[in-house]
Structure formats: structure tokens, C-alpha cells
Amino acid sequence: MDHIISIRDFSRERLDHILDTAQRIGDNQYDARALSGKILGLLFFEPSTRTRMSFETAMARLGGACISIDCVEASSIVKGETLADTIRVISGYADAIVLRHPKEGAARLASEFATVPVINAGDGAGQHPSQTMLDLFTIRQSMPLEQVDVGLLGDLRYGRTAHSLAYALSLYDVNLHTIAPKGLELPPNVVQELRSRKMKVREHSSIEEVIRDLDVLYVTRIQRERFPDTASYYGVASSYRITPELLEGVRERLIILHPLPRVDEIDPRVDALPYARYFEQARNAVPVRMALLLEVMK
Ligand code: CP
């Protein structure tokens with residue numbers, strides 16, 4: 001069965017195939033009844049705007065329908081039902097399940113009990129593979145993934161979108177620059193695996209030292225909800241901010257991405273600059289998730 005749990009399970013060929021399908025969908029070349037009669041189960045045990053609503057939109061555009069659990073409190077998990085039993089039951093209602101869960105590894109666990117494909121929509125600080133697909137899609141709209149310098153900025157310790165994207169970029173001709181506040185660096189095992197895949201990874205202590213050498217700047221927010229206490233969060237909060245002043249002298253083809261939501265890490269004045277692509281990136285979620293749903297449900 002075709003579970004989508006980690007971007008590490010993907011080859012470059014398979015990712016490119018999904019992105020090529022998404023491109024055709026973006027050009028309106030798709031069958032609006034392709035998933036007619038199919039049902040997607042949405043299980044979101046953490047808040048979401050983009051992932052949830054873009055999966056719903058993708059399903060509607062392909063003629064399918066969604067059923068959902070919006071939060072733990074609205075499910076029988078509050079009565080003590082396990083995730084395993086919940087997944088077993090929803091497998092009987094839906095043709096695929098999208099799961100967002102606060103615990104790393106939850107999607108992998110769910111896939112062991114599901115009898116339909118499970119799509120990981122974020123498992124704690126683990127991975128968010130469908131986000132990565134739309135990130136790659138957005139980069140590809142601006143430049144081929146050849147000889148590209150990509151900067152990952154922010155909470156690289158807890159940021160699952162950064163983890164997934166870093167692994168995916170290691171399949172392409174990319175130099176990776178990581179820029180994180182102290183204590184929020186990319187986990188050493190991730191860096192080690194990227195280097196073992198022959199990726200050049202350079203760690204920087206400030207965005208100022210590398211901003212002019214980047215083609216893509218991927219900004220992430222500090223994942224407040226993953227910190228053990230508020231004091232440690234406030235120790236690093238607001239420690240970086242992208243402003244128009246910071247962007248003076250950057251490469252002409254620079255694009256700035258952000259999985260969103262943003263808090264204060266990108267000055268709203270940046271939104272009007274040609275580098276800002278994060279709202280376009282959020283829009284790209286629909287054709288990319290349509291392509292992914294076709295891949296797992298057809
Ligand atoms: N990018 C992303 O996962 O956004 P949501 O948390 O709103 O789904």
C-alpha cells in the first residue's frame with residue numbers, strides 16, 4: 001500500500017513525477033471526476049489551516065468527498081480509544097487517511113494499522129512530506145533545481161517542514177545553508193545523513209553572513225508548541241527577522257519561502273517585494289495535493 005510517511009522514502013524520479021502531474025493540474029489538465037465516489041478521512045489532532053483546507057479543496061476539485069475529526073476533544077480518543085483503533089475504524093470509512101498528530105512517529109504507527117493509504121500531514125517535530133512537495137514545486141516555478149543555494153532559517157530542531165525539505169533537497173544539485181538560533185540547529189543525525197548523501201551542508205550563525213549567497217531562503221517560525229517551557233521559548237523568540245533592509249544586495253533570482261503561519265519572522269513590508277513567494281507557495285498546495293491524492297487513491 002502506498003503510504004506517504006517520510007520524504008526519505010521517495011526517489012527523485014517519484015518526486016519529479018508528482019511535481020510534473022501537479023504542473024499539468026495547475027495548467028487545468030485534469031479530470032474533475034477522477035476521484036468521484038472516493039472519500040478522504042482527515043484526522044487533525046493539531047491545528048491547521050493550509051494543510052487541511054488544501055486537502056479538502058484538492059479532494060473537491062477531483063470530485064471526491066472528505067470526512068473529518070477536527071481535534072482530539074471531538075473524537076472518542078477522549079474516551080480512551082487508541083490511535084490504532086481509531087485508524088482501524090476510519091480505514092473502514094475512507095479510501096485514504098490524512099493524519100496530523102503531535103507525536104513524532106504517529107503516522108508511521110498509523111500506517112501499521114490502516115488498511116488504506118496514510119498521508120502524514122505532520123507528526124510532531126518529524127516530517128511533513130506533502131508540504132515539501134509544494135515547496136519543491138514552488139522552487140521549480142522559479143528555477144531548475146541545479147546549482148541552487150538554499151538557506152534554511154529558523155527553528156531547524158523542531159521544524160518538520162525543514163527536516164522534510166532538507167532530505168528532499170539532498171536528491172538534487174543543491175548546496176544547503178542552515179541558519180538557526182543556538183539550540184535550534186538541525187539535529188546532528190539529519191546533518192550526518194545529508195552529508196552521507198554527498199550534500200554540501202554549511203552551518204551559519206547569522207542570516208546576515210549568508211543572505212547574499214542564496215537563491216532560495218526558506219524561513220520557518222519558532223515552533224513554540226514544541227518547547228518544554230515558555231522561558232526557553234522566550235530565550236530564542238524574535239531572534240531573527242527578514243526585512244527589506246536585510247534584503248539589499250541579494251541575488252536577483254532570490255525567492256523567499258515560508259510554510260506559514262508566520263509570526264514575526266518576516267516583516268510584512270517584504271510581502272510586496274519580488275522575492276516573496278510564500279502566498280504563492282500556499283496556493284500551490286492545491287495542485288500538488290491533487291497530484292498526490294491521484295497517486296495514492298487511483
Ligand atoms: N504549512 C502548514 O502545514 O500550515 P498549517 O499548519 O496551517 O496546515
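As the structure lists them, so they are numbered: ligands from 1, and atoms in each ligand from 1. Scope of the values below: all heavy atoms of this structure, side chains included, with no hydrogens, waters or symmetry mates.
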Engineer: Suppose I only count heavy atoms of T49 and a 4.0 Å limit; which atoms of ligand 1 are within that range?
Structural biologist: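 Numbered from 1, ligand 1 contributes 5 (P), 7 (O), 8 (O).
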Engineer: What residue and atom, counting heavy atoms only, is the protein's closest point to atom 1 (N) of ligand 1, and at what distance?
Structural biologist: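 That would be P259 O, 2.8 Å.
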Engineer: Heavy atom to atom 6 (O) of ligand 1, shortest distance: which of M53, R50, R100 holds it?
Structural biologist: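 Residue with the shortest heavy-atom distance to the ligand atom: R100.
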Engineer: Validate the cation-pi geometry between R8 and Y167: distance from NZ or CZ to the six-membered ring centre under 6.0 Å, angle to the ring axis within 45°.
Structural biologist: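 Verdict for Y167: a cation-pi partner in R8.
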Engineer: Would you please test D135 and Q131 for side chain to side chain donor-acceptor pair (under 3.5 Å) and show each step?
Structural biologist: CA-CA 6 Å; D135 298 340; Q131 175 69 44; 2.8 Å; yes
Engineer: For L246 and R241, work out which heavy atoms get closest and say how close.
Structural biologist: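 Closest approach of L246 to R241: CD2-O, 4.1 Å.
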Engineer: Would H128 count as a contact of ligand 1 if the rule is a heavy atom under 4.0 Å away?
Structural biologist: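 In this structure, H128 qualifies as a contact of ligand 1 - some heavy atom is under 4.0 Å.
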Engineer: Numbering the atoms of ligand 1 from 1, which are under 4.0 Å from a heavy atom of L260?
Structural biologist: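 Going through ligand 1 atom by atom, the ones under 4.0 Å from L260 are 1 (N), 2 (C), 4 (O).
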Engineer: Has E46 got any heavy atom lying under 4.0 angstrom from an atom of ligand 1?
Structural biologist: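 Judged by the 4.0 Å heavy-atom criterion, E46 does not count as contacting ligand 1.
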Engineer: Under 4.0 Å, heavy atoms only, figure out whether ligand 1 is touched by the backbone of T161, its side chain, both or neither.
Structural biologist: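 The answer is neither.
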Engineer: Looking at every non-hydrogen atom in both residues, tell me the closest pair between Q147 and D215 and how far apart they are.
Structural biologist: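 Between these two residues, the closest heavy atoms are O-OD2, 4.0 Å.
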Engineer: Report the distance from atom OG of S142 to atom CD1 of I255, rounding to the nearest 0.5 Å.
Structural biologist: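 Interatomic distance, S142 OG to I255 CD1, rounded to 0.5 Å: 4.0 Å.
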Engineer: Check whether NZ of the Lys or CZ of the Arg R100 lies under 6.0 Å from the centre of the six-membered ring of F44 and within 45 degrees of that ring's axis.
Structural biologist: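 Cation-pi check for R100 and F44: fails.
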Engineer: By number and element, which atoms of ligand 1 are closer than 4.0 Å to a non-hydrogen atom of T51?
Structural biologist: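 Ligand 1 atoms under the 4.0 Å threshold to T51: 2 (C), 3 (O), 4 (O), 5 (P), 8 (O).
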